Amino acid sequence: MVELLVTLAVTVIGLAGLVAIHGSGIKANRVSRESAGAIEVGERIMEDLRGIPADQIAPRFDPDGTLPVDVQLGTVTGGPVPYAVRLIAEEIPADTDLVRIRVEVNWTELGAAPGAEGGRYDHRIVLEMIRTKLEQL
């Protein structure tokens, strides 16, 4: 009888470990899916920005039409979670003919409130490119 109880205890402990591993795997898959969605959103926006001449980016997104530009492009849905997109465009200080374009895609894990637990569930990916204002280059 004692042997049976020991075997049962070892089995329960082993099964509890398997359940914990399974839960971690599910969370990792979800976070990976959310990250892939954010990367897709960021790449799509970067591709759209590549179609705009570098000297036309500021007039398109800023009422003043001058650099630097720092605007929220809104929220993109269609993936597993809504993604907030921010565009930052600025001249590179060493060379005024170059423009750094930065797209930030922010999201909060599904079901969490933004900023919850000190931002533990908040995520961001950043894509950057450098363009020249001189189109002939």
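Fair warning: this is a prediction, and the values are worked out from it, not measured in the lab.
- Applying the under-4.5 Å side-chain rule to Ile, Leu, Val, Met, Phe, Trp and Tyr, the cluster around Leu15 extends to Leu18.
- Contact check on Arg30 versus Glu109 returns a salt bridge, with a Lys/Arg side-chain nitrogen under 4.0 Å from an Asp/Glu carboxylate oxygen.
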(request) Evaluate the criterion side chain to side chain contact (heavy atoms under 4.5 Å, CB included) for residue pair Glu91 and Lys133; output intermediate values, then yes/no. (result) CA-CA 10 Å; Glu91 291 178 338; Lys133 293 181 190 175; 2.4 Å; yes
(message) With side chain to side chain contact (heavy atoms under 4.5 Å, CB included) as the criterion, how do Leu67 and Glu90 come out once you've worked through the C-alpha distance, each side chain's angles and the decisive distance to 0.1 Å?
(response) CA-CA 5 Å; Leu67 293 173; Glu90 59 190 1; 5.6 Å; no
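- Listed here is the closest heavy atom pair of Asp70 and Arg86: OD2-NH2, 2.6 Å.
- Across Val71 and Phe61, no two heavy atoms sit closer than the pair CG1-O, 3.5 Å.
- Arg131 places a side-chain N or O within donor-acceptor distance of the main-chain N or O of Leu49, the cut-off being under 3.5 Å.
- Under a hydrophobic clustering in which Ile, Leu, Val, Met, Phe, Trp and Tyr are joined whenever their side-chain heavy atoms come within less than 4.5 Å, directly or via other members, Leu73 and Ile57 fall into the same cluster.
- Side-chain atoms of Ile88 and Val69, non-hydrogen and from C-beta on, never get closer than 4.5 Å to each other.
- Here the OH atom belonging to Tyr83 is positioned 15.0 Å from the CZ atom belonging to Arg124, to the nearest 0.5 angstrom.
- Asp122 and Thr108 share a donor-acceptor pair across their side chains, judged by distance under 3.5 Å alone.
- Between Ile130 and Val99, every side-chain heavy-atom pair lies at or beyond the 4.5 Å cut-off.
- Applying the 6.0 Å contact sphere to CZ of Arg60 captures no more than 12 heavy atoms from other residues, nucleotides or ligands.
- Proximity of a side-chain donor or acceptor of Asp64 to a complementary backbone N or O of Thr66 within less than 3.5 Å is not detected.
- Between the side chain of Ser32 and the backbone N or O of Ala28 there is no donor-acceptor pair closer than 3.5 Å.
- Between Met46 and Leu127, the shortest heavy-atom distance links the atoms CE-O, 3.2 Å.
- Under a hydrophobic-cluster definition in which Ile, Leu, Val, Met, Phe, Trp and Tyr are linked whenever side-chain heavy atoms come within less than 4.5 Å, directly or via other members, Ile101 and Leu98 are assigned to different clusters.
- The structure places CD1 of Ile125 at 9.0 Å from CG of Asn106, a figure rounded to the nearest 0.5 Å.
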(request) Determine, step by step, whether Glu104 and Arg102 satisfy the side chain to side chain contact (heavy atoms under 4.5 Å, CB included) criterion, reporting the C-alpha distance in whole Å, the side-chain angles of both residues, the deciding distance to 0.1 Å, and the verdict. (result) CA-CA 6 Å; Glu104 295 179 355; Arg102 176 182 175 114; 2.8 Å; yes
(message) Using side chain to side chain contact (heavy atoms under 4.5 Å, CB included), reason through Val126 and Val103 one step at a time and then give a plain yes or no.
(response) CA-CA 6 Å; Val126 176; Val103 173; over 6 Å; no
Donor-acceptor contacts, no H, no angles, side chain residues 34-44, under 3.5 Å, sequence neighbours left out:
residue: Glu34; atom: OE1; partner: Trp107; partner atom: NE1; Å: 3.3
residue: Glu34; atom: OE2; partner: Leu110; partner atom: N; Å: 3.3
residue: Ser35; atom: OG; partner: Val31; partner atom: O; Å: 3.0

